[in-house]
Amino acid sequence: PQGNVDLVFDHNLGGGANKYRQEKIAQLVQSGKDVVLVTFDLPRLLYRLEIHRSRYKRNEAFEDLQALRERLLQMRCATIHVNNFVSYPDPLAMLQLVRQLMQSNQSQLTLYLHDFHPACPSYTLINADGKYCGIPDAQTCRTCLKTNKAVFPSFVTLKEIIPWREAWNELLQAATT
């Protein structure tokens with residue numbers, strides 16, 4: 001797309017967040033906007049890009065984040081919607097990409113909160129013992145992150161909770177809605 005687009009980031013794991021995203025994209029396209037959806041295809045380890053227009057949909061795939069970044073920087077993004085980064089290999093790199101796109105396009109940012117991912121890589125707050133943790137102190141989080149074998153924390157190489165929360169806080173502060 002050459003004109004202003006709405007860019008949507010989401011996981012592709014199903015559930016309520018995806019249902020919300022599908023409804024949001026349909027609403028945006030119906031209002032005449034071009035929408036670009038970015039997901040991470042976990043089984044194939046690829047970044048997926050879907051371009052939605054009123055009469056068609058086109059797909060692209062990227063093996064690495066740099067190639068995706070270069071493609072997205074070619075677009076003019078009016079609004080960036082972050083629905084979810086669960087399942088992405090490096091959520092913090094995605095936060096950096098969003099900030100870069102916002103800066104290069106003077107984009108608005110809408111951030112949707114469907115789970116606890118901004119507070120912890122274990123987006124359901126299940127600790128290393130398989131129990132709900134309730135967001136304990138940073139030292140307890142640090143110990144948990146080093147040993148937590150839950151599905152997605154193992155994908156995240158970061159083992160310190162403070163940089164995680166600081167990066168998410170920066171994005172929350174930058175959000176316009």
Side-chain angles (χ1 to χ4, degrees), residues 1-2 4-13 17-18 20-21 24-25 28 34-42 44-52 59-125 135 138 141-142 144-146 148 150-177:
Q2 299 297 327
N4 287 338
V5 301
D6 274 34
L7 180 61
V8 178
F9 290 95
D10 198 11
H11 66 64
N12 209 18
L13 302 173
N18 284 172
Y20 180 83
R21 175 247 296 168
K24 186 64 166 175
I25 288 175
L28 291 167
D34 290 340
V35 179
V36 175
L37 169 65
V38 178
T39 59
F40 187 73
D41 185 339
L42 196 55
R44 291 175 186 81
L45 300 178
L46 294 171
Y47 294 92
R48 297 273 182 200
L49 192 139
E50 293 179 8
I51 300 169
H52 295 258
N59 296 299
E60 299 176 19
F62 301 89
E63 292 185 2
D64 61 65
L65 182 57
Q66 184 57 35
L68 174 67
R69 178 187 318 274
E70 290 169 10
R71 178 67 173 106
L72 293 176
L73 285 169
Q74 296 171 0
M75 299 178 189
R76 295 231 350 106
C77 305
T79 303
I80 300 170
H81 304 261
V82 175
N83 202 44
N84 214 306
F85 284 130
V86 170
S87 81
Y88 281 72
D90 189 347
L92 296 185
M94 298 307 298
L95 299 181
Q96 290 174 336
L97 175 57
V98 168
R99 287 193 304 272
Q100 182 181 11
L101 291 166
M102 286 177 64
Q103 186 175 26
S104 68
N105 292 292
Q106 282 111 39
S107 304
Q108 300 292 309
L109 173 64
T110 300
L111 186 60
Y112 306 97
L113 299 174
H114 299 283
D115 53 38
F116 296 102
H117 202 226
C120 180
S122 178
Y123 66 98
T124 57
L125 298 181
I135 309 179
C141 291
R142 185 177 301 115
C144 175
L145 285 176
K146 289 178 183 175
N148 197 325
V151 177
F152 295 114
S154 63
F155 224 6
V156 177
T157 57
L158 179 75
K159 299 299 180 191
E160 294 291 332
I161 197 65
I162 299 299
W164 178 271
R165 290 183 182 157
E166 286 174 349
W168 275 100
N169 185 51
E170 283 181 31
L171 198 68
L172 284 163
Q173 295 298 319
T176 49
T177 56

Self-check item: Ring centre gap for Phe85 and His117 strictly below 6.0 Å
Solution: no

Quiz item: Are the side chains of Met75 and Leu73 in touch, meaning some heavy atoms are under 4.5 Å apart?
Solution: no

Exercise. Identify the heavy atoms of Ala78 and Asn4 that sit nearest to each other, and give their distance.
Key: CB-CB, 3.9 Å

Quiz item: CG of Asp10 to OH of Tyr20: how many Å apart, nearest 0.5 Å?
Solution: 11.0 Å

Quiz item: Under a 4.5 Å cut-off applied to non-hydrogen side-chain atoms, are Glu50 and Val36 in contact?
Solution: no

Exercise. Test Leu109 against Thr79 for side chain to side chain contact (heavy atoms under 4.5 Å, CB included), laying out the working first.
Key: CA-CA 6 Å; Leu109 173 64; Thr79 303; over 6 Å; no

Quiz item: Knowing that exactly one of Leu95, Leu111, Leu37, Leu72 qualifies, which makes a side-chain contact (heavy atoms from CB on, under 4.5 Å) with Phe9?
Solution: Leu72

Exercise. Side-chain contact test, heavy atoms from C-beta onward, threshold under 4.5 Å: evaluate it for Val38 versus Val8 and give yes or no.
Key: no

Exercise. Check whether the side chains of Gln96 and Gln100 place a donor and an acceptor atom closer than 3.5 Å, and report yes or no.
Key: no

Quiz item: What distance do Asp64 atom CG and Glu70 atom CD have between them, rounded to the nearest 0.5 Å?
Solution: 8.0 Å

Practice problem: Take Leu49 and Asn59 through the side chain to side chain contact (heavy atoms under 4.5 Å, CB included) test and state the conclusion after the steps. | Solution: CA-CA 6 Å; Leu49 192 139; Asn59 296 299; over 6 Å; no

Self-check item: Flag side-chain contact, heavy atom, 4.5 Å: Val35 against Val5
Solution: no

Self-check item: Mutual orientation of the aromatic rings belonging to Phe40 and Tyr47 [parallel < 30°, tilted 30-60°, perpendicular > 60°]
Solution: perpendicular

Quiz item: Would you say the side-chain atoms of Arg99 pair up with the backbone N or O of Met94, donor to acceptor, closer than 3.5 Å?
Solution: no

Practice problem: I would like to know whether Leu171 and Val98 meet side chain to side chain contact (heavy atoms under 4.5 Å, CB included); could you show each step before the answer? | Solution: CA-CA 8 Å; Leu171 198 68; Val98 168; 3.7 Å; yes

Quiz item: Under the side-chain hydrogen bond (donor to acceptor under 3.5 Å, both in side chains) criterion, do His52 and Asp34 qualify, and how do the steps go?
Solution: CA-CA 6 Å; His52 295 258; Asp34 290 340; over 6 Å; no

Quiz item: At what distance, to the nearest 0.5 angstrom, does OG of Ser122 lie from CG of Leu145?
Solution: 8.0 Å

Quiz item: Can you tell me if Tyr112 and His81 form a side-chain donor-acceptor pair at under 3.5 Å?
Solution: yes

Quiz prompt | Of Ile161, Val86, Leu92, Asn148, the residue whose pairing with Pro121 passes side-chain contact (heavy atoms from CB on, under 4.5 Å) | solution = Ile161

Exercise. Kindly state whether the ring of Tyr123 and the ring of Phe116 have centres lying under 6.0 angstrom apart.
Key: no

Quiz item: More than 12 foreign heavy atoms under 6.0 Å from CD of Glu160: is that the case here?
Solution: yes

Exercise. Check for a donor-acceptor pair, side chain of Asn169 on one end and backbone N or O of Arg165 on the other, with a separation under 3.5 Å.
Key: no

Quiz item: So Ile80 and Gln108, side chain to side chain contact (heavy atoms under 4.5 Å, CB included) or not? Walk me through it.
Solution: CA-CA 6 Å; Ile80 300 170; Gln108 300 292 309; over 6 Å; no

Self-check item: Nearest-0.5 Å distance that lies between atom CG in Leu97 and atom CG in Leu68
Solution: 6.0 Å

Quiz item: Using 30° and 60° as the class limits, which term best fits the ring planes of Trp164 and Trp168: parallel, tilted or perpendicular?
Solution: tilted

Exercise. Carefully, step by step, assess Asn84 and Asp115 under the rule side-chain hydrogen bond (donor to acceptor under 3.5 Å, both in side chains).
Key: CA-CA 9 Å; Asn84 214 306; Asp115 53 38; 3.0 Å; yes

Quiz item: Which distance, rounded to the nearest 0.5 Å, do you find between the CG of Asn83 and the NE2 of His11?
Solution: 7.0 Å

Quiz item: Does the side chain of Arg69 reach to within under 4.5 Å of the side chain of Leu101, using non-hydrogen atoms?
Solution: no

Quiz item: Do the side-chain N and O atoms of Asp41 and Asn12 include a donor-acceptor pair separated by under 3.5 angstrom?
Solution: no

Quiz item: Between Ser107 and Cys77, is there a donor-acceptor pair closer than 3.5 Å when you use the side chain of the first and the backbone of the second?
Solution: yes

